There are 2 protein chains.
Amino acid sequence: MSGPGQPLPTALPGRAPKVGCSAAGCAACEVRHLTFCAGLEAAEINHLSALVSRQTHGPHHALFYEGDTAEHVYNVTRGAIKLYKLLPDGRRQITGFLLSGDFLGLAGKDGYSYSAETVTAVDLCRFQRKKLDQLFAQFPQLERRMLKLATDELIAAQDQMLLLGRRTAAERVASFLVRLSERETVRGLPGNPVYMPMTRGDVADYLGLTIETVSRTLSQFKHNRLISLKSLTEIELVDKARLLEMAAS
Amino acid sequence: MSGPGQPLPTALPGRAPKVGCSAAGCAACEVRHLTFCAGLEAAEINHLSALVSRQTHGPHHALFYEGDTAEHVYNVTRGAIKLYKLLPDGRRQITGFLLSGDFLGLAGKDGYSYSAETVTAVDLCRFQRKKLDQLFAQFPQLERRMLKLATDELIAAQDQMLLLGRRTAAERVASFLVRLSERETVRGLPGNPVYMPMTRGDVADYLGLTIETVSRTLSQFKHNRLISLKSLTEIELVDKARLLEMAAS
DNA sequence: CGGTCGATTTGACGCACGTCAATGCCTTGG
DNA sequence: CCAAGGCATTGACGTGCGTCAAATCGACCG
């Protein structure tokens with residue numbers, strides 16, 4: 001798996017992702033509590049509002065590539081994004097999927113450490129890193145919040161290492177479904193059926209497997225009545241208890 | 001691989017790890033430039049000095065376990081530490097090895113996200129998280145520095161995901177040797193031969209392999225004149241160019 | 001409505017790496 | 001010096017997942 005993606009449904013009837021702050025401004029942002037913008041006073045929010053530039057992109061749009069100078073920092077307010085790294089021969093590892101409220105753009109001195117591409121149509125809040133750094137000086141609260149986000153991401157990355165290094169294919173897929181469901185729940189969505197907008201290839205490259213193994217594992221889950229496929233991108237978790245057990249950590 | 005480790009040479013003749021700041025205080029700390037203590041004024045260093053408690057531990061000593069309340073934060077000033085996560089059935093993933101100058105103790109709300117155990121004898125600088133947080137309020141510089149460290153760790157974690165998800169056994173071992181060598185170089189050590197104090201089991205659990213595969217891969221490298229084993233814990237990188245190529249990212 | 005194209009599923013088969021089992025080696029201690 | 005206890009290495013063999021290849025499905029379009 002590598003190369004640019006192909007057309008995917010931009011939205012699903014009756015399951016349109018929650019709309020973010022695209023028009024109304026940061027004060028009305030529905031996902032602010034999830035982002036680094038959380039916990040700011042009204043006055044501070046206005047400072048942020050002045051800095052932000054809003055963007056919308058269609059599916060399968062490259063935002064930046066690994067190694068690019070990291071000039072911007074983003075919050076996702078709608079849709080899904082994938083982050084990935086490539087080996088010279090094209091092998092790909094997806095390091096994360098971002099949903100609304102997720103943050104994007106931490107980078108070391110060598111620029112972005114991964115490439116970013118939209119999975120579905122997305123809305124983004126974009127900040128210039130330079131200007132944001134100035135704001136950090138004014139509002140240490142923001143930097144504290146950023147450290148918390150980075151720490152949470154690090155913890156998630158460590159969990160993923162455990163998954164990639166030591167879990168079986170079935171455990172990986174079960175864990176993926178359960179985690180995706182939980183992330184939707186946190187965002188006020190039902191979480192069951194799970195909305196899974198990425199391709200099997202994306203899932204495979206996230207879980208360190210092949211497309212075929214992901215597909216076969218899902219088929220096996222279906223056969224064992226653990227899940228039921230409403231459509232290619234909608235999976236009902238029928239036996240969530242058993243799935244949780246498989247995903248157990 | 002799991003369970004507590006067994007005796008290992010505490011030091012190697014002629015290769016004793018660099019001594020840290022154990023006696024002289026932070027002002028004389030040899031690894032400060034690598035830690036979050038970097039870039040502070042003399043006065044600020046004194047504040048830190050007042051907070052720090054120094055510890056020494058022998059090899060194979062557990063510092064804390066995953067889930068423990070995260071009361072402390074550490075800097076390693078001598079020796080090597082491993083961080084790991086366990087699955088209920090005992091499968092283990094080592095998420096990182098720490099050397100002198102490395103930082104330890106970022107944690108989410110569920111306490112430490114990994115267990116920590118010494119590999120060799122170590123010296124540590126220990127801070128109470130609560131007190132350190134107070135210092136952060138006084139010196140935003142410190143928090144900035146902490147964010148940088150967390151970001152660097154996150155980037156390293158993403159590299160490790162790529163390794164665990166997509167690299168072959170030979171690539172993993174080559175990458176491990178080369179990175180260990182580079183880390184020693186940064187610390188002013190020769191970096192060749194590489195000093196590798198952890199057991200084959202530790203390496204296996206770090207690379208998502210088994211002891212046998214690590215051992216076989218090293219034997220194959222030896223046979224192909226890529227490396228030469230001076231001892232179990234000292235590996236000469238004979239054909240570093242070829243190793244770098246295998247590790248290529 | 002039939003055709004096209006890519007994504008997904010399914011099947012057959014192979015292999016890289018895991019498992020199981022000696023054997024060897026190094027360190028420690030009597 | 002010998003014995004014991006752990007690692008580490010090596011060999012033989014097994015298997016989970018990858019590879020290759022062929023349906024099948026589903027969305028889009030003229």
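The sequence lines fix the lettering, A, B, ..., with proteins before strands; numbering per chain opens at 1. Quick caveat: nothing in here was measured; it's all calculated off a predicted structure.
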Could you tell me the separation between the CD1 atom of A/Ile235 and the C1' atom of C/dT9, rounded to a whole number of Å? 14 Å

Partners of B/Glu66 by salt bridge (Lys or Arg N to Asp or Glu O under 4.0 Å), sequence neighbours excluded? B/Lys85

Return a single string for nucleotides 9-16 of chain D, one symbol per nucleotide in 5' to 3' order, where B is base contact, S is sugar-phosphate-only contact and - is none, cutoff 4.0 angstrom on heavy atoms. BBBB----

Please table the atom pairs, donor to acceptor, closer than 3.5 Å between any side-chain atom in residues 242-249 of chain A and protein atoms at least two apart or in another chain.
none

Over how many whole Å does the gap from B/Ile227 atom CD1 to D/dA8 atom C1' extend? 13 Å

I'd like to check A/Gln93 versus B/Arg167 (side-chain heavy atoms, cut-off strictly below 4.5 Å). Are they in contact? no

CZ of B/Arg172 versus P of C/dG18: gap in Å, rounded? 8 Å

Residue pairs passing the side chain to side chain donor-acceptor pair (under 3.5 Å) test with at least one member in residues 217-228 of chain A, sequence neighbours excluded, are none

For the pair B/Tyr112 and B/Phe64, name the ring-plane relationship: parallel under 30°, tilted 30 to 60°, perpendicular over 60°. parallel

State, to 0.1 Å, how close A/Thr118 and A/His60 come at their nearest heavy-atom pair, and which atoms those are. OG1-N, 2.9 Å

Can you check the A/Gln220 CD to C/dT9 P distance for me, whole Å? 13 Å

Expressed in angstrom and rounded to an integer, what is the separation of B/Met198 atom CE from D/dA8 atom P? 11 Å

Over how many whole Å does the gap from B/Leu164 atom CG to C/dA16 atom P extend? 20 Å

Taken to the nearest whole Å, CG/B/Leu209 to P/C/dT19 is 11 Å

Tell me, which pairs form a ring-ring contact (aromatic ring centres under 6.0 Å, His included) where one or both residues lie in residues 168-192 of chain A, sequence neighbours left out? A/Phe176-A/Tyr206

Are A/Arg54 and A/Leu124 side-chain neighbours, meaning at least one heavy-atom pair lies under 4.5 Å? no

Tell me the bend of the helix from C/dC1-D/dG30 to C/dG30-D/dC1 as the angle between end helix axes, each from five pairs, rounded to the nearest 10 degrees. 30°

